[in-house]
Structure formats: structure tokens, C-alpha cells
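A quick write-up on the structure given underneath.
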Number of protein chains: 2
Amino acid sequence: MVRDLSAEEKIKAAAKKLFTQKGFAATRTRDIAEEAGINLALLNYYFRSKSKLFELVMYENLSLFIGVIVENLKNSPNSFDNQLDFIVDKYIDMLLENPDLPFFVLNLLQSGHFEIEHKDNPVFKGITELRNSFLETILNDMEQGKVKKMHPLHIIANMMGLIIFPFIASKVLMSRSGNISRKEFEDLMRERKKLIPEWVRAMMQV
Amino acid sequence: MVRDLSAEEKIKAAAKKLFTQKGFAATRTRDIAEEAGINLALLNYYFRSKSKLFELVMYENLSLFIGVIVENLKNSPNSFDNQLDFIVDKYIDMLLENPDLPFFVLNLLQSGHFEIEHKDNPVFKGITELRNSFLETILNDMEQGKVKKMHPLHIIANMMGLIIFPFIASKVLMSRSGNISRKEFEDLMRERKKLIPEWVRAMMQV
DNA sequence: GTCTATAGGGTGATAGAC
DNA sequence: GTCTATCACCCTATAGAC
């Protein structure tokens with residue numbers, strides 16, 4: 001139960017939680033209302049419809065996913081090495097605070113509720129900007145012989161996979177069969193803030 | 001539309017496709033029936049309920065996910081190096097043929113339709129077996145100083161992330177912003193069959 | 001702004017004819 | 001085994017009282 005907020009904020013927080021955990025279709029407006037501790041009718045009063053509420057949560061989540069990084073990348077030195085440390089650190093911090101976020105993004109990709117292609121979509125622009133900035137520095141470093149030549153997609157996919165995948169798999173890891181606690185998991189993730197940049201550098205010199 | 005199969009098989013194939021792509025809640029039995037080219041009533045005639053049908057598809061998908069590997073691991077030499085090449089190769093082949101499979105597993109983790117914890121669940125047993133076999137060889141190699149000492153979870157998460165994550169992200173990569181074709185994507189994945197084992201080895205010696 | 005009550009539409013499942 | 005027609009339920013959204 002979400003407390004000490006306006007009704008509108010309580011609904012938004014509850015919606016964010018449930019949409020992120022269960023996806024659009026499996027989340028009922030009744031559950032959101034109950035989680036928020038308000039009446040069902042109030043949800044429609046503030047947000048007009050389930051879809052509108054979902055879109056709002058979606059934009060806030062995705063902005064979280066890329067916002068910090070896009071903004072700060074502009075101010076960071078233009079070498080892959082520096083950007084690497086920075087991105088890994090920020091992403092892992094963000095995921096430790098929002099561990100379900102990857103699931104939300106994955107839900108989006110399936111649901112069709114989000115036209116990621118739309119040119120003037122600010123999130124789309126952010127992703128494109130992030131990708132281009134990164135590609136540029138990577139290609140630049142390859143040109144200078146600093147790193148082994150390979151398709152830059154490998155590098156981006158590897159880095160993102162090393163960062164994000166453990167959070168996706170966390171439910172298996174922390175299950176009875178996985179046999180580690182939430183605290184152990186979080187400690188391991190923090191440990192990865194140092195390890196991932198080392199690993200990525202090692203991979204790029206094979 | 002699925003053709004040239006018995007009604008029962010057509011329904012199963014359609015259900016597998018839709019459940020995998022959209023998840024349990026967002027898939028309507030009517031859509032499955034239409035995709036299969038049969039009547040809605042027939043679905044319940046053969047499978048009793050939407051949930052029962054889902055469970056069937058689920059077991060077949062998960063068995064695919066772990067079955068081949070568990071079986072063949074038993075017959076492979078007991079060193080991490082050999083198992084590494086083998087697993088990467090088999091997984092990527094399997095994912096190239098079933099690119100939506102990771103989404104299905106992710107849906108499962110959210111939906112709660114699957115008690116992965118259940119001890120006598122054959123899929124659970126397979127996963128446990130796979131994990132233990134792997135842990136054993138990794139710890140053994142660490143003991144002998146063949147690889148750097150670190151939490152074995154890092155190694156398993158890294159390997160699985162490098163294999164699976166690109167398929168999860170494939171929809172972004174192959175979108176307009178991602179800017180690569182399906183064929184290019186598949187070629188890159190095949191390239192990774194050689195690269196991933198090299199990367200994993202490099203990471204373990206940092 | 002917040003509630004109760006209910007309309008309106010969709011979904012899973014089944015009865016019953018063939 | 002396969003179909004049509006329909007039931008019973010659940011869900012979103014809104015009307016209207018306070």
C-alpha cells in the first residue's frame with residue numbers, strides 16, 4: 001500500500017508497480033486501485049483510461065532507463081574507456097533501485113503499446129542519441145587501433161547483456177534452486193560495477 | 001495459419017506461437033482458434049482450458065530450452081573449456097530456431113503460472129542438474145588454478161547473458177533505429193558461437 | 001474530489017445439434 | 001470430432017449522489 005501521497009500520486013505509484021511486474025494485459029485497474037488504496041472510479045477520473053495511465057508510466061520508466069545516461073554522456077570525456085565505467089556504474093545503480101525495469105521494457109516490446117519507431121518520440125530520440133554517441137567513440141577507438149576490430153554491435157550487446165541480464169535472471173537466481181539471498185545478489189551486482197569494465201576491455205583485446 | 005496437421009496439433013502450434021509472443025494474459029483463446037484455423041469450442045474439447053493448454057506449451061518450450069543440453073552434457077568431457085564450446089554452440093543454434101523462446105521464459109517468470117520451485121518438476125530437476133554440473137566443473141577448475149577465482153555465479157551469468165541477451169534485444173536491434181536486417185542479425189549470432197567462448201575465457205583470466 | 005452502482009463489452013467455457 | 005449459439009463471469013468506464 002502506497003501512503004502519504006495525493007490520490008493521483010498514489011495511483012501512479014501503484015500502476016507503475018503493477019504494470020512493471022505483470023505487464024499491461026495481466027494488470028487489472030481494480031488491482032491498481034486497491035494497491036493505491038483508492039476507489040476504482042478515481043483512476044478514470046485522473047487518468048481517463050487504463051491505456052492512458054499505462055502510457056504515462058511507460059514514458060516515466062523509459063526516461064529513467066535512458067535519461068540519466070544520455071544527459072551525462074554529453075559531459076563525459078569522449079573515449080570509450082571513460083564512458084564504459086560511467087555507463088556501467090549508472091546502469092547498475094539504477095537497476096538496483098528499479099530491479100523490475102527490464103521486465104517492463106520487455107513487456108513493451110511484446111505488447112505493441114509503444115511505437116518505439118516514432119521519430120519525434122523523445123525516448124526514441126534518446127536511444128538513438130545514446131547509440132550513435134557510443135558507436136562513434138567505439139569506431140573511433142577501433143580506427144586508432146586501441147581495440148580489436150569487430151562489429152560494434154557485439155560490444156554494445158555484450159556490455160548491455162553483462163549489465164542487464166543478471167537482473168532479468170534474478171528471479172531464478174534467488175529462487176530455492178538458485179539458492180542466493182537478495183542481499184547476496186545485490187552485493188554481487190555491486191561487485192560487477194568494477195568487474196564488467198574489466199571484462200569488456202579484456203573481450204575487446206582477444 | 002498452421003496447415004497439414006491434426007486439429008490437436010494445429011491448436012498446439014498456434015498456442016505456442018501466440019503464448020510465446022504475447023504472454024498468457026494477452027493471448028485470447030479466440031485468437032488461438034483463429035490462428036489454428038479451427039473452432040473455439042474445439043480448443044476446450046482437446047485441452048479442457050486455456051490454463052491447461054498453456055501448461056502444456058510451457059513444458060514443451062522449457063524442455064527444449066534445457067533438454068538437449070542436459071542430455072549431452074553428461075556425455076561431454078568434464079572440463080569447463082569443452083563444456084563451454086558445446087553449450088554456446090547448442091544454445092545459439094536452438095535460439096536461432098526459436099528466437100522468441102527467451103520471451104516465453106520471461107513471461108513465465110512474471111505470470112506465476114509456473115511453480116519453478118516444485119521439486120519433482122522435471123524441468124526444475126533439469127535446471128538444477130545443469131547448474132550443479134556446471135558449478136562443479138567451474139569450482140574444480142578454480143581449485144586447480146586454471147581460472148581466476150571469483151563467484152561462479154558471475155561466470156554462469158556472463159555466459160548466459162552473452163548468449164541470450166542479444167536475442168532478447170533483437171527487436172530493438174532490428175527496428176528502424178537499430179538498423180540491421182534479420183539476416184545480418186543471424187550472421188552476427190553465428191559469429192558469436194566462436195567469439196563467446198573466447199570472451200568468456202578472457203574474462204576468467206582478468 | 002471521492003464514492004456507489006451499474007452500464008456495456010469482451011472472454012473462457014459449455015450445451016447440444018450434426 | 002466439429003460446429004453454432006449462448007451462458008456466466010469479469011473488466012473497464014461512466015453516471016450520478018454527496
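Just so you know, these numbers come straight off a predicted model, no measurement behind them. Chain letters run A, B, ... following the sequence lines, proteins first, then strands; residues in each count from 1.
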When the distance from [atom1] of [X] to [atom2] of [N] is rounded to whole Å, what number comes out?
| X | N | atom1 | atom2 | result |
| --- | --- | --- | --- | --- |
| B:Leu43 | D:dG1 | CG | C1' | 14 Å |
| A:Lys10 | C:dT2 | NZ | C1' | 11 Å |
| A:Lys22 | D:dC11 | NZ | C1' | 13 Å |
| A:Lys52 | D:dA13 | NZ | P | 11 Å |
| A:Tyr46 | C:dT2 | OH | C1' | 8 Å |
| A:Ile11 | C:dC3 | CD1 | C1' | 13 Å |
| A:Lys50 | D:dC10 | NZ | P | 16 Å |

Touch check for [X], heavy atoms < 4.0 angstrom, all strands: base, sugar-phosphate only, or nothing?
| X | result |
| --- | --- |
| B:Arg30 | base |
| B:Thr27 | sugar-phosphate |
| A:Leu40 | base |

Check: Under 6.0 Å between ring centres, would you say that holds for A:Tyr91 and A:Phe167?
Finding: no
Item checked: Side-chain heavy-atom pair A:Phe104, A:Gln21 within 4.5 angstrom cut-off -> no
Note to self: Strictly below 4.0 Å, N to O, side chains only: are A:Asp85 and A:Arg201 in salt-bridge contact?
What the structure shows: yes
